[in-house]
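Heads up: the structure comes next, in structure tokens.
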Amino acid sequence: MFQEVIMMKIISQLILVLTLSIMVAPIVLAADPAGDITLAEDSTAAVNFTWTLMAAFLVFLMQGGFAMLEGGLVRAKNTSNIMMKNLADFTIGSLGYWAIGFPLMFGTSVAGIYGVGSWFLLGEAYDVSTYLLWIFQMVFAGTAATIASGAMAERTKFRTYYIISFLITALIYPIYGHWVWGGGWLSMLGEWYGLGLGHVDFAGSGVVHMVGGGAGLAGAMLLGARIGKYDNEGKPRAIPGHSISMAVLGVFILWFGWFGFNPGSTLAATELRISIIAVTTLLAGSAGGFIATLYTWKKFGHPDVTMAGNGVIAGLVAITAPCAWVEAWAAVVIGLAAGLIMVESVLFFERKGIDDPIGAVSCHLIAGIWGLISVGIFADGTYGLYTTEGPFVTGLLYGGGTGQLVAQVIGVIANFAWVFGTTYVIFWTLKKTIGLRVSKEEEEEGLDKTEHGAICYPDFTAPLEESKKLENYEPKKQEMK
Amino acid sequence: MFQEVIMMKIISQLILVLTLSIMVAPIVLAADPAGDITLAEDSTAAVNFTWTLMAAFLVFLMQGGFAMLEGGLVRAKNTSNIMMKNLADFTIGSLGYWAIGFPLMFGTSVAGIYGVGSWFLLGEAYDVSTYLLWIFQMVFAGTAATIASGAMAERTKFRTYYIISFLITALIYPIYGHWVWGGGWLSMLGEWYGLGLGHVDFAGSGVVHMVGGGAGLAGAMLLGARIGKYDNEGKPRAIPGHSISMAVLGVFILWFGWFGFNPGSTLAATELRISIIAVTTLLAGSAGGFIATLYTWKKFGHPDVTMAGNGVIAGLVAITAPCAWVEAWAAVVIGLAAGLIMVESVLFFERKGIDDPIGAVSCHLIAGIWGLISVGIFADGTYGLYTTEGPFVTGLLYGGGTGQLVAQVIGVIANFAWVFGTTYVIFWTLKKTIGLRVSKEEEEEGLDKTEHGAICYPDFTAPLEESKKLENYEPKKQEMK
Amino acid sequence: MFQEVIMMKIISQLILVLTLSIMVAPIVLAADPAGDITLAEDSTAAVNFTWTLMAAFLVFLMQGGFAMLEGGLVRAKNTSNIMMKNLADFTIGSLGYWAIGFPLMFGTSVAGIYGVGSWFLLGEAYDVSTYLLWIFQMVFAGTAATIASGAMAERTKFRTYYIISFLITALIYPIYGHWVWGGGWLSMLGEWYGLGLGHVDFAGSGVVHMVGGGAGLAGAMLLGARIGKYDNEGKPRAIPGHSISMAVLGVFILWFGWFGFNPGSTLAATELRISIIAVTTLLAGSAGGFIATLYTWKKFGHPDVTMAGNGVIAGLVAITAPCAWVEAWAAVVIGLAAGLIMVESVLFFERKGIDDPIGAVSCHLIAGIWGLISVGIFADGTYGLYTTEGPFVTGLLYGGGTGQLVAQVIGVIANFAWVFGTTYVIFWTLKKTIGLRVSKEEEEEGLDKTEHGAICYPDFTAPLEESKKLENYEPKKQEMK
Amino acid sequence: MKKIEAIIRGEKLNEVRKALLEADIPGITVYEVRGKGNQKGLELQFRGRPYNVDLLPKTKIELMVSDKNSEKVVELIKETAHTGNVGDGKIMILPMDDLIKIRTGESGDYAI
Amino acid sequence: MKKIEAIIRGEKLNEVRKALLEADIPGITVYEVRGKGNQKGLELQFRGRPYNVDLLPKTKIELMVSDKNSEKVVELIKETAHTGNVGDGKIMILPMDDLIKIRTGESGDYAI
Amino acid sequence: MKKIEAIIRGEKLNEVRKALLEADIPGITVYEVRGKGNQKGLELQFRGRPYNVDLLPKTKIELMVSDKNSEKVVELIKETAHTGNVGDGKIMILPMDDLIKIRTGESGDYAI
Ligand SMILES: Nc1ncnc2c1ncn2[C@@H]1O[C@H](COP(=O)(O)OP(=O)(O)O)[C@@H](O)[C@H]1O
Ligand SMILES: Nc1ncnc2c1ncn2[C@@H]1O[C@H](COP(=O)(O)OP(=O)(O)O)[C@@H](O)[C@H]1O
Ligand SMILES: Nc1ncnc2c1ncn2[C@@H]1O[C@H](COP(=O)(O)OP(=O)(O)O)[C@@H](O)[C@H]1O
């Protein structure tokens with residue numbers, strides 16, 4: 001209670017001070033807020049704005065997709081809570097990205113480490129092109145925080161998660177984003193050390209998904225497993241999510257949003273490469289879902305619905321980095337591999353005692369790593385850095401040598417070190433201060449009641465869910481192969 | 001039964017007559033139905049059509065968003081009914097807007113009060129630009145009727161609601177719309193009386209949201225509160241909605257649709273201001289949701305999920321009028337204020353005995369008023385009336401004086417007087433004739449059974465919902481502050 | 001088990017072989033993979049790519065819409081299964097369309113029967129325009145297979161359905177598609193025999209919807225009715241779907257997607273006719289939903305929610321063929337007729353013992369037939385074959401004579417003969433070999449448990465659903481008129 | 001000791017409970033059941049096909065009472081659950097051999 | 001008077017009811033319960049992890065019958081609920097001290 | 001024969017069952033009920049309005065046991081369902097006239 005009050009005081013005073021400081025100075029120092037100058041200079045601006053904005057809107061809807069996917073995979077007693085997290089991380093995160101995240105990411109680079117620029121989109125930033133970039137980047141940033149919420153579902157204190165999601169969107173994400181997309185050191189690996197075109201990540205397998213997944217991994221590790229996830233001998237047990245149909249709706253909405261995510265990342269429809277990107281995105285998702293269907297069918301004896309959904313997500317995450325630099329067949333191969341890796345990764349983390357209720361770490365972190373690396377293998381040298389002009393991104397298979405591959409691996413390592421490192425320290429500090437996890441009683445009662453005083457489905461009771469499913473569990477004789 | 005038959009007879013005969021009268025004269029008196037002339041005259045037509053149509057499609061999806069938001073906030077026993085209302089008001093409303101609404105709104109102005117033009121999109125109206133305008137405006141009109149259904153949920157006769165929604169979309173909405181967007185008197189306040197640029201409302205805080213909310217208020221007042229909403233001493237009681245996850249999905253879909261609503265209202269992508277509008281829309285929604293989270297956390301002891309969702313909606317409604325004329329920081333301020341106002345307004349109306357199950361009056365009417373007024377305060381003089389050319393809309397804070405503010409206030413008053421007045425009279429008349437509210441027994445049984453003979457979730461029983469939640473209610477000792 | 005293993009072996013070996021054969025030859029024989037040449041040659045390419053891609057994305061989301069509509073109309077015990085089918089048919093279908101479907105449909109025509117071209121989008125096909133066409137056509141193909149799953153719901157073996165959906169997307173759909181859109185014989189009826197402009201089908205009432213509906217009819221016939229669908233005297237009984245709200249969400253998502261389906265089929269925003277198409281699409285959907293509301297109200301005594309939703313779908317299916325060639329009023333008439341036909345058709349098939357749980361045959365096959373024919377009646381001669389230049393499509397009412405109408409009827413017959421014929425043979429063969437239908441016990445248990453080992457809503461029990469609803473059924477005295 | 005079971009209308013539950021509480025009988029256990037007696041069933045539709053749910057939702061309450069309270073409880077339920085329309089339900093008075101309170105181990109009347 | 005309780009298979013409910021109705025025994029109250037006896041549980045999966053629901057969904061019916069009908073009712077249930085497979089369930093015959101019909105206040109056999 | 005009914009905490013079900021299984025008492029039927037005794041209700045909110053769910057979810061178990069097992073079963077439930085906090089619930093021992101196993105037609109103790 002005490003820390004909560006303090007935290008809310010700090011936040012509200014911050015808002016107040018900022019608001020006041022803005023209100024005393026309503027000076028318009030804008031660049032081109034009406035857009036007429038921009039349009040006069042570039043007649044393709046209208047179509048490129050249309051493309052980028054529509055893509056940003058699709059990406060925005062992914063918030064709803066994540067809410068459905070994560071909601072469907074948790075128990076009914078924690079569904080209001082996961083809904084609130086998805087609402088809250090976006091609302092606070094977008095304010096954080098507006099306040100400091102955006103300039104940290106895209107401002108003038110300080111030693112390739114972080115950027116500085118117009119905070120709060122003030123002054124110079126009041127410009128149609130800057131605002132355009134902001135909204136597209138903002139919805140990306142929102143995605144990263146949301147991913148972490150999945151891995152930490154069903155046991156994290158809301159208050160703590162609220163702070164975490166703010167920090168991810170306002171600090172951790174933008175700084176790493178600066179390294180790759182803001183002119184930071186990872187993007188300079190090519191120029192400085194001759195490693196391909198430097199670390200490249202077309203739409204964010206690393207910048208978005210590995211960041212979300214890495215933070216989720218740190219969180220899941222520090223939180224520990226949900227009560228009942230492991231039996232007395234430490235063997236994992238099933239904790240079925242409360243609505244498979246909700247989860248599948250989430251998958252379709254996410255896939256839809258991904259067509260904004262990947263093709264939209266050209267930020268220009270005049271890059272006709274967008275059609276190639278749309279196709280690779282579709283095929284990698286299909287391939288991931290296809291192989292997860294077949295593989296779980298074989299392994300578990302049944303085609304597993306939510307794993308098939310996760311397979312789609314894994315395929316999409318993996319293709320996110322290479323989407324613009326590979327052909328259709330390569331997208332299929334990348335997606336197939338991602339789907340297989342994901343299934344094994346889910347089982348691996350589960351066995352290792354890391355409890356990730358929705359498979360966020362496997363789908364985003366692990367498939368994200370594979371996506372970044374696949375650029376170094378499959379990039380076919382027909383497209384450059386967000387432009388049809390060379391130099392072109394070329395991987396091992398197309399005679400690009402190992403330079404690009406090495407740059408990709410360095411990015412993977414830097415990403416994991418930065419994200420996992422900082423989030424681990426932050427979550428650990430929060431754990432020791434305001435606490436990371438709800439009490440045993442609260443967890444058993446369900447977070448809906450204890451964190452929000454509200455249950456998700458009051459017209460439908462589900463009182464026996466625990467005893468009905470978890471207990472009396474007798475390990476299946478014939479184990480999974 | 002009797003009136004129902006008559007009503008259906010009238011409607012079907014109307015349709016028949018119209019159809020016949022059309023069929024005997026399939027003369028094409030069209031302007032440019034193929035679009036080649038339009039394209040030849042304006043090379044930017046293709047991108048502007050693309051922009052406007054895609055925006056219209058997003059706005060269309062808001063019907064589904066409202067269905068989810070309203071559905072989630074009512075009880076399971078009334079969910080089929082609210083689904084039907086959302087389907088029915090759009091299907092009948094769009095036919096009404098096609099028949100008479102559109103020319104009433106955008107036809108040649110008769111004394112600034114209403115328009116006359118091609119009914120049924122016949123003759124001259126068969127033109128790519130006219131059809132484009134029609135679809136964009138139609139989906140707006142559909143939204144207004146849907147909003148009212150929320151405030152009137154769980155007790156309104158379907159038959160009566162059906163007539164109401166037709167009248168809102170075909171008459172009440174278009175006439176007010178004419179005053180602001182069709183060249184009517186409110187838009188002339190500037191020219192005639194020097195009040196700023198006349199009453200302005202970029203995307204419809206007033207035209208759409210206040211209209212829907214005002215009609216909803218009249219309906220909620222005439223209907224009276226749901227059974228069980230107040231205890232014997234008149235103190236409000238909770239009637240929990242049946243699915244918080246459904247409501248949150250609704251919020252995300254609505255927010256997504258709003259990116260068509262606001263930026264799309266330029267009707268042109270060559271107005272690059274669309275990127276500014278997208279950003280103000282995003283930030284105001286976030287700010288509204290953010291503050292509702294914090295404020296309910298403080299006030300109720302828990303961050304309230306559905307109130308946070310309503311906060312987003314309130315922020316979005318408020319920014320709808322000023323979205324194109326303000327900067328990012330102002331959007332945040334407008335959204336924060338809207339979120340706070342909304343929470344207090346929900347509690348206020350509840351205390352006053354006006355039972356609005358989903359908070360439609362507070363989110364749309366009240367936040368809509370604030371949105372219109374905020375234009376007169378925060379408009380920063382960098383953008384004109386749907387054009388980059390001056391005169392520019394300028395508010396109090398930017399040296400625009402009080403002219404614009406006064407025009408905004410006049411619009412607020414005119415809107416409320418017209419909408420609340422006409423709907424009150426219509427609803428009152430319907431109440432005295434065919435009846436507005438279902439019987440006590442029907443309400444207790446649930447409208448799904450009595451109005452549609454169909455329950456929403458037949459595989460899941462919820463027989464005790466009433467007794468489980470409402471009764472045995474002991475007023476909490478520590479009251480809300 | 002045995003056949004399953006074999007089938008999976010075949011599929012995985014196919015994939016393996018293909019993948020290997022591709023990997024040994026990563027030669028880029030591409031046309032214009034970067035798009036700079038295309039853009040240089042056609043300055044409108046950017047806006048047309050934007051339009052077509054966004055439309056394709058909307059169509060993609062229809063997968064989620066179908067999942068919701070079908071899911072809502074089946075029982076809770078079969079919901080995971082229908083979700084899996086919607087995921088699986090798209091993932092395997094898109095791979096099939098990539099491998100062979102696309103060249104079969106759009107490759108060089110062999111005697112007007114089928115096409116041959118680059119399999120797997122290899123070689124020449126690596127081109128921004130080809131990929132653009134592929135993705136738009138792929139999401140259409142995905143829709144056809146999904147439609148069939150609805151008619152076959154609640155009793156089809158997953159394994160068999162999996163094979164079926166692959167065959168539909170990879171073979172049956174593309175070959176018929178070739179006849180109409182790939183330069184095949186149906187499209188040549190005009191040139192060869194002077195029948196109008198040949199068989200025309202703007203966005204696929206026939207190519208997509210009749211194909212899906214025809215396959216569904218063959219499936220439903222071979223499967224037989226669900227247990228409990230008919231009483232001892234053979235009278236149909238109600239088997240209520242488990243979530244009306246889910247079904248209505250599906251309708252709204254589908255309608256949204258249809259705005260990509262129809263207007264997007266110009267493949268060009270420079271065809272400003274897109275605004276006309278959007279309007280006819282909206283109005284036909286509304287008219288279908290409107291009349292289904294009124295008609296069921298009269299016929300059943302209540303406005304029926306899911307029938308109103310089906311009315312919208314029927315209106316949309318019907319307008320899909322004529323959408324670009326008719327005026328608003330004609331769209332309303334087409335939609336009204338479609339809604340009426342659909343309601344009667346649902347009752348007709350039900351009476352005839354053909355059990356189609358979601359009305360897919362009526363909504364897609366029957367309304368699709370009406371849509372194709374309506375072109376021959378209402379086409380008003382203002383627009384040509386995806387171009388503003390003549391010759392124009394002209395129907396009976398506008399002095400086009402019967403030529404076009406006859407071409408439409410020939411298409412209907414050819415479609416039904418091809419689709420129903422081939423699918424009947426294939427399904428019959430599968431029935432005799434690996435089996436089409438699950439066992440009686442499995443059907444009673446629910447496919448979720450037996451096919452996927454997973455129930456959709458484990459936190460909510462629904463044990464008595466059967467007895468609660470079906471049995472103790474006493475035929476209503478006053479029968480439907 | 002007696003075990004009183006009553007099948008009542010869901011709407012009446014609170015009235016009954018209020019009366020019992022006022023008579024200082026707080027303990028109760030409630031079941032959601034479906035029942036059929038003289039009351040006729042519910043007619044519903046799905047896509048125009050009528051179907052009949054003849055087992056109606058009912059509420060069953062169960063009370064463990066001391067012999068001396070038994071009559072009073074029955075009387076209270078009879079009065080408050082009564083509407084006079086078909087479907088009001090039944091009250092059963094059942095014998096009980098013994099009763100134990102798990103928390104304290106007390107048994108017999110002390111366990112109530 | 002007797003109270004007959006039977007735990008049966010959900011699928012059998014209608015057959016049982018039909019037989020009872022034909023024998024002019026309309027009154028019934030139905031519970032959704034879960035039970036375990038000799039029948040083995042249900043094996044399910046979630047994301048590849050198997051789990052066992054060993055309490056299976058069962059239907060419990062409860063009938064208040066006059067002493068003279070008691071045997072007939074038991075016989076009818078025994079016949080119609082029977083499949084011969086494990087999981088068929090049980091029938092209990094329980095004593096009842098009194099029965100009251102809330103609507104009319106009648107008691108004893110008249111209340112049935 | 002006796003019929004043992006116990007109202008316990010949902011969380012305790014498995015512990016109770018495990019003990020019973022170990023004592024070779026496999027048969028059980030489980031009800032989801034809601035109850036009120038001394039334990040206070042649950043306070044929830046909806047849009048800031050508090051509301052009280054005073055009937056708490058409880059689990060009821062029902063066992064048919066032979067007279068000789070009756071005491072043992074009661075003892076086992078008493079021990080394993082016990083937490084010492086308000087809300088632990090009650091155990092009823094009820095007389096039963098007869099019991100029939102539907103599958104085999106056996107009755108009395110043989111039917112258990
Ligand atoms: N003989 C019976 N055995 C078991 N339950 C009964 C019996 N008769 C009635 N009931 C229960 O009591 C409820 C009300 O009974 P009903 O006959 O409809 O009304 P009333 O008691 O007013 O005549 C029924 O829904 C059923 O649950
Ligand atoms: N001793 C018992 N006490 C309570 N309920 C029992 C008992 N034995 C069986 N049941 C109930 O009867 C149902 C069927 O019993 P089961 O032993 O599986 O089949 P059968 O009676 O055919 O041997 C169980 O699911 C359970 O609900
Ligand atoms: N007199 C009673 N009649 C019926 N059920 C009772 C009675 N007393 C308690 N119960 C049931 O037992 C449960 C636990 O009782 P409670 O009084 O809360 O705890 P304790 O038994 O530990 O005092 C209640 O929720 C209710 O279901």
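Proteins get letters first, then strands, A, B, ... in listed order; numbering begins at 1 in each. Note that this is a predicted model, so its numbers are computed, not measured.
No part of A/Ile82 comes within reach of chain B, as not one of its non-hydrogen atoms sits under 4.5 angstrom from that chain. Contacts between A/Ala67 and chain B at a heavy-atom distance below 4.5 Å involve the side chain alone, from C-beta outward. Residue contact with chain B, scored on non-hydrogen atoms closer than 4.5 Å, is absent for A/Ser43. Heavy atoms of A/Leu39 lying under 4.5 Å from chain B belong to its backbone as well as its side chain. When heavy atoms are compared at a cutoff of 4.5 Å, A/Ile455 approaches chain B solely by way of its backbone atoms N, CA, C and O. For chain B, the nearby part of A/Thr79 is the side chain; its heavy atoms alone come within less than 4.5 Å. Only the backbone of A/Glu451 comes within contact range of chain B, judged by heavy atoms closer than 4.5 Å.
Proximity to chain A among residues 269-276 of chain B is limited to B/Ala269, B/Thr270, B/Leu272, B/Arg273, B/Ile274, B/Ser275, B/Ile276, judged by heavy-atom separations below 4.5 angstrom.
Here the closest heavy-atom approach between residue A/Arg159 and residue B/Trp297 is recorded as CA-CH2, 3.8 Å. Smallest separation of non-hydrogen atoms from B/Ala308 and A/Met84: CB-CE, 3.8 Å. Of all heavy-atom pairs between A/Met54 and B/Met54, the closest is CE-CB, 3.2 Å. Smallest separation of non-hydrogen atoms from B/Ala278 and A/Leu53: CB-CD2, 3.8 Å. The minimum heavy-atom distance between A/Leu122 and B/Glu327, with the atom names listed, is CD2-OE1, 4.4 Å. Between B/Thr388 and A/Ala34 the shortest heavy-atom distance is CG2-O, 3.3 Å.
Separation of the A/Phe460 and B/Tyr457 ring centroids falls under the 6.0 Å cut-off.
B/Leu249 has its side chain within reach of A/Leu249: a pair of non-hydrogen atoms, C-beta onward, lies under 4.5 Å apart. No side-chain heavy atom of B/Tyr383 sits less than 4.5 Å from a side-chain heavy atom of A/Pro33. Between B/Val279 and A/Trp98 the shortest side-chain heavy-atom distance does not fall below 4.5 Å.
In this structure, CZ on B/Phe252 lies 8.5 Å from CE on A/Met83, to the nearest 0.5 angstrom. Interatomic distance, OG1 of B/Thr293 versus CD1 of A/Ile92, reported as 8.5 Å (0.5 Å rounding). B/Ser245 contributes atom OG, which lies 9.5 Å from atom CG of A/Asp448 (distance to the nearest 0.5 angstrom). Summarising the geometry, atom OH belonging to A/Tyr131 is positioned 8.0 Å from atom OG1 belonging to B/Thr280; distances are rounded to the nearest 0.5 Å. Atoms CE and CE, from A/Met246 and B/Met246 in turn, are 8.0 Å apart once rounded to the nearest 0.5 Å. Atom OG1 of A/Thr91 and atom CG of B/Leu283 lie 11.5 Å apart (nearest 0.5 Å).
If you tally non-hydrogen atom pairs under 4.5 Å between each of A/Ser94, A/Gly71, A/Ser129 and chain B, the highest count goes to A/Ser94. Of all the listed residues (A/Val47, A/Thr38, A/Leu87), the one sharing the greatest number of non-hydrogen pairs under 4.5 Å with chain B is A/Leu87. Taking chain B as the reference chain and counting heavy-atom pairs below 4.5 Å, the highest number among A/Leu61, A/Leu132, A/Thr130, A/Asp36 is found for A/Leu61.
Just one of B/Phe259, B/Trp258, B/Phe256 meets the ring pair (Phe, Tyr, Trp, His ring centres under 6.0 Å) condition when paired with A/Phe60; it is B/Phe259.
Relative orientation of the A/Tyr162 and B/Phe290 rings is parallel, given thresholds of 30° and 60° on the angle between their planes.
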Taking it one step at a time, do B/Val248 and A/Asn86 satisfy side-chain contact (heavy atoms from CB on, under 4.5 Å)?
-> CA-CA 9 Å; B/Val248 170; A/Asn86 276 278; 5.9 Å; no

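In the model, B/Thr382 has a side-chain atom that pairs as donor or acceptor with a side-chain atom of A/Tyr126 under 3.5 Å.
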